[in-house]
Amino acid sequence: MTVCLLLLCAVALTTAVPVPRALTRAGWPEREPVVGLWVWQCLVATVLLCALAALVLGAAAVFHTVRDQVFAPAPPAVTAAYDLSAAPVWAAVLTLLLASGAAWTTAMLGREIAEARRRRGLARAHLRERAPDLPAGLPAARGPILVLEDEYPDAWWLPGHPPQLVVTTGALHRLTGHQLDAVLAHERGHARAHHDWLLHLSTALATGFPRVPLFAHFCDQTHRLVELAADDTASRRHGHLTTALALIELNQHRGVLSCASSHRLLGERVDRLLEPPPRLDRQRRALTTTVAALVPLLPLLITFAPGLTALS
């Protein structure tokens, strides 16, 4: 059991500190944002699985009630292989820390979900106030697209039930038909990939554990890569130039092309669309995706290795 806990801690620390720092310096996620998002999610899953496995093993070693529940269906040889009776003091301290971390993570996720629902409710109420009144006898606008009378050009996807794409009349006047289609494809790309849930998860982890490099970088990179992924969705259907022009038209008044602008990501997105980087070849994409998917299996292998060895 002690060896398992040490290995789980080593894997978690390696995944949480040096690996994300190296990944942020890599250039390939900008070329393949969807694969980059997948790798970040696998890293986060690895750390969370390490923490969960260490918590279960530590609790089983410290508390007899937990041990009886966890190892009740296991043969005596499997229970003996983990040597749970010889738990060191640091294992008890680690278990308490992990239990506190699990409770804190749950609280942060719950708060983020509740806050997201509150913001969504306020946004929908605000939209109902701003939506134009329809003639008597016509039903209220509940379709997938809602047009607001506003000279300010903007478009965004409002998640929920049902989700809605909101477009202002200013955007309709400023954009051409093809550019508007590119904007719609961009926002629908966010909706189909459920980027809102990924953003909630990354924000909750970064808020709860701001000093953990993995969670901090995961939040920053998620906000960046979801936009690049949605840009790729739009550009594949409507062309890079059309998508870039649509982005410029919607954000020109915000200083999108200014180097001093706080929306520097918008400028990077425009540059990326005007000069699209070459994609990774299919074999490298498949290899990266497969390796990333196997990494979260490492804490499971460490956890079950003593039991499997005893059975064999």
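The residues of the chain are indexed from 1 along the displayed sequence. Side chains included, hydrogens not; waters and symmetry mates left out as well; all remaining heavy atoms used.
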From L48 atom CG to L205 atom CG, the distance as rounded to the nearest 0.5 Å: 6.0 Å
Test item: L184 and V167 side chains (from C-beta on) under 4.5 Å apart, heavy atoms: yes
T168 (side chain) donor-acceptor with D154 (main chain) under 3.5 angstrom: yes
Distance (rounded to the nearest 0.5 Å) between L57 CG and R67 CZ: 11.5 Å
Among T288, T289, V19, the one residue meeting side chain to side chain contact (heavy atoms under 4.5 Å, CB included) with V39: T288
Nearest-0.5 Å distance that lies between atom OG1 in T2 and atom CG in D83: 7.0 Å
Heavy-atom closest pair, residues T46 and P299: O-CG, 4.0 Å
Parallel, tilted or perpendicular: rings of H195 and H190 (30°, 60°): perpendicular
Steps toward side chain to side chain contact (heavy atoms under 4.5 Å, CB included) verdict (L180, T176): CA-CA 6 Å; L180 181 61; T176 65; over 6 Å; no
Residues E112, R117: salt bridge by 4.0 Å N-O rule: no
Carboxylate-amine/guanidinium contact R236 D231, below 4.0 Å: no
From R269 atom CZ to E30 atom CD, the distance as rounded to the nearest 0.5 Å: 12.0 Å
Which atom of W38 lies closest to which atom of A293, heavy atoms considered: CZ2-CB, 3.8 Å
W157 side chain near V166 side chain, heavy-atom distance below 4.5 Å: no
Sub-4.5 Å side-chain heavy-atom contact between T303 and C4: no
